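To start, the structure under review is shown below, and the notes come after it.
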Protein chains: 2
Amino acid sequence: MLSDVAKLAGVSTATVSRVYNEPDKVSANVRERVEHAAVTLNWFPNAAGRALASTRSHIAGIIIPTLDDQVFASQVSGMQAAFAARGITLVLGCSNYDPAQALVQVRAMLARGAEAMAVVGEAHPPELFDALRLYRVPYAVTYAYREDSPHDCIGFDNFAAYVQMTEHLIGLGHRSFAVCLQPTRDNDRVQARVAAIRATLERHGLAVRPEHVCEGESTIGFGRRSLRSIWQAPCERPSAIICGNDHIALGVLREAEELGIEIPGELSVTGFDDLEISKEIRPTLTTMRVDTYEIGRLTAQHLLDILDGKRPQHGHEVRALLEIRESTGPAPNAHAGDARLQR
Amino acid sequence: MLSDVAKLAGVSTATVSRVYNEPDKVSANVRERVEHAAVTLNWFPNAAGRALASTRSHIAGIIIPTLDDQVFASQVSGMQAAFAARGITLVLGCSNYDPAQALVQVRAMLARGAEAMAVVGEAHPPELFDALRLYRVPYAVTYAYREDSPHDCIGFDNFAAYVQMTEHLIGLGHRSFAVCLQPTRDNDRVQARVAAIRATLERHGLAVRPEHVCEGESTIGFGRRSLRSIWQAPCERPSAIICGNDHIALGVLREAEELGIEIPGELSVTGFDDLEISKEIRPTLTTMRVDTYEIGRLTAQHLLDILDGKRPQHGHEVRALLEIRESTGPAPNAHAGDARLQR
DNA sequence: TTGTAAGCGTTATCAA
DNA sequence: TTGATAACGCTTACAA
């Protein structure tokens, strides 16, 4: 331990500590001796002792729904890299989309003395945010961005993104829509997307038929089943399907091929996330892209700024980019004028 | 802090500590008073103090190359869940395939007092394993499994898997091969796969032409570029391409469609990992599946067993399952007999 | 620039 | 079953 190093180097424990925490307050000569002693004894500072004495844990936490989703994995990756560069260890918790688990994880991280926290979305128990405030731990909500959010947030505006997507289709002359989404429960991002679709359609005097709303797991299989059920429904078929992400959209595309539905001739399809495969399959998928690694990096930066005593902005908005590709086109029986409107 | 709780409950600090660590050594009556006091004061044990006094950090670490790859993300997920169930926090480090970074991360985790560690693969600096041994931290190598490994390992036999894959193609009558792999440098798993392909072909008196070996990033784009260059090479074209994973194979399939190469009629293609999309695209992709979440879970379990003082086996082998699908078929000019041989 | 010594918030030993 | 008290390994006033 430290005192052994001190003894071997012939200095006090305070000096050894300084060598690692305020190196320039130690003369080069002494510093070298200490470093040599440390190497000899194969010593490095013990984090627990350090945390206890300095009341700084050098730990930050992030709670995500699941690592199975690439968008969250890359966000963690971005945060991890940015924090590591500042000597802060990132601790990860997965809630599995369960608010109760998220709360437990946050408490565990507070017990660990996390100095900063990030949570995905705002759909969490109030106790979660209460705890964060009570212990004065700076935190940020990620992946979602709202001007008027009570929390600092770093992400994109899910509502605005789906307005844009819906307007794109309306501009192409579409008037009959279906939506296939991942579970909306406890998920404010998905809820915002649904709301955006509804609001945008409503503005044009349109609405989605209940038979044309599918909610289920975020998989290709769900996308396939959804299209099948939509196509079999005893009502007018939609000319466009808006999906909650690329996985689901990929499933819709695959099933369309199977059912002999022409895309985009007969049906337009949109996704979200812009997976690598989405621009490679035929037809290529119209989707939106968000730099989730950057969200992670910015989040870490934001929290570091707060720890540094800077008073950063309310958050950061990251842009969601619409990538128009082959899977969307003019509605089958649209007036030429309609389709041209927004092009 | 704890002493406040003790005061409020009218007991000693030792008793408060017991309530949380050895609850049944405390009378129900006293326990209740303490718990009530803790809730009132909104107190929970501080991990640093705890770690210092008990010399147990309740932290475990894992070093993976990158979170961008689903197989590592799900392994982390499996470990995290298993450790969390035992009150152990998992700390994550990404090496970005850089051995030096891996070493730094391991040291950082040792400083944090990690009680157990997992690292992906064995291609690490000796100092890394030396450090782990020096500090007597139980560890396991994951994602790779060798009977005769000096380390405990949990994963699958990369060599055996690619032998099986290569034999599958040879059984189909293929005699001319190409391989498209992710970077082999500092990656023992990929190296084992190359070795397996070479050894298996050699056993049949075959070898891969240098022009037919492509090494590059693990992307669809690399797969596409590789097939193009292989197809343009001024030598006999291969009848089968073995890819290092599904991403690369997906790229090969896409480029084949573009180039008008018939699959599997003209060319057989294989991947590895069995992504969800691989059984959905046309033609469906022949590949191998490994349960990486399970690898993570087993790794955590193995390390927990060691911490519990059990002396578990040398490791666990997880099976890699060959999924034969549409992208592989008989070699174009194979004798009927050849193709039947291994069917 | 360096040293002394008092904590930091728990757990663990021993005694009661 | 409970309590007193000395660690645990480091940081940080304060003093020299």
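So you know, we letter chains A, B, ... as the sequences are listed, proteins then strands, and number each from 1. Everything quoted here is computed from the prediction, not taken from an experiment. Below, all heavy atoms of this structure are taken into account, side chains as well, without hydrogens, waters or symmetry copies.
Listed for the B:R297 side chain is no donor-acceptor partner under 3.5 Å among the backbone atoms of B:G78. Formation of a donor-acceptor pair under 3.5 Å by the A:D308 side chain with backbone atoms of A:K310 is not found in this model.
In summary, contact between chain A and DNA chain C, defined as any nucleotide atom under 4.0 Å from a heavy atom of the protein, begins and ends at C:dT1 to C:dG9 in the 5' to 3' direction.
Side-chain contact between A:I63 and A:M109 is present, with at least one heavy-atom pair separated by less than 4.5 Å.
Residue pairs meeting the ring-ring contact (aromatic ring centres under 6.0 Å, His included) criterion with at least one partner in residues 14-64 of chain B, sequence neighbours excluded, are A:Y135-B:F44, B:Y20-B:W43. Pairs of residues two or more places apart, or lying in two chains, that qualify as ring-ring contact (aromatic ring centres under 6.0 Å, His included) and include a residue from residues 67-100 of chain A are A:F72-A:Y143.
One can place NE2 of B:H58 at 14 Å from C1' of D:dC8, the figure rounded to the nearest angstrom. The CG atom of A:L2 sits 7 Å away from the P atom of D:dT11 (whole-angstrom rounding).
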Show me the protein contacts with nucleotides 1-4 of chain D, counting only N or O atoms at under 3.5 Å.
residue: D:dT2; atom: OP1; partner: B:S27; partner atom: OG; Å: 2.8
residue: D:dT2; atom: OP2; partner: B:S27; partner atom: N; Å: 2.9
residue: D:dT2; atom: OP2; partner: B:S27; partner atom: OG; Å: 3.3
residue: D:dG3; atom: OP2; partner: B:S12; partner atom: N; Å: 2.9
residue: D:dG3; atom: OP2; partner: B:S12; partner atom: OG; Å: 3.3
residue: D:dG3; atom: OP2; partner: B:T15; partner atom: OG1; Å: 2.7
residue: D:dG3; atom: N7; partner: B:R18; partner atom: NH2; Å: 3.1
residue: D:dG3; atom: O6; partner: B:R18; partner atom: NH2; Å: 2.6

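Residues forming a side-chain hydrogen bond (donor to acceptor under 3.5 Å, both in side chains) with B:T142 (at least two apart in sequence, or on another chain): B:Q75. A:E32 meets the side-chain hydrogen bond (donor to acceptor under 3.5 Å, both in side chains) test with no other residue; sequence neighbours excluded. Looking at residues two or more places apart in sequence or on another chain, you find a side chain to side chain contact (heavy atoms under 4.5 Å, CB included) between A:N96 and A:Q101. Shown here are the salt bridge (Lys or Arg N to Asp or Glu O under 4.0 Å) partners of A:E127, two or more places apart in sequence or in another chain: there are none. Taking A:R185 as the reference, nothing meets the side chain to side chain contact (heavy atoms under 4.5 Å, CB included) condition, with sequence neighbours excluded. Partners of A:D148 under the side-chain hydrogen bond (donor to acceptor under 3.5 Å, both in side chains) rule, at least two apart in sequence or in another chain, are A:R146.
Residues of residues 39-54 of chain A having a heavy atom closer than 4.0 Å to DNA chain C, listed by number: A:L52, A:A53. Of all the residues in residues 103-111 of chain A, not one reaches under 4.0 Å from DNA chain D with any non-hydrogen atom.
Using bins of under 30°, 30° to 60° and over 60° for the plane-to-plane angle, the ring pair B:Y145/B:H314 lands in the perpendicular bin.
Side chains of A:S77 and A:S74: no donor on one and acceptor on the other come within 3.5 Å.
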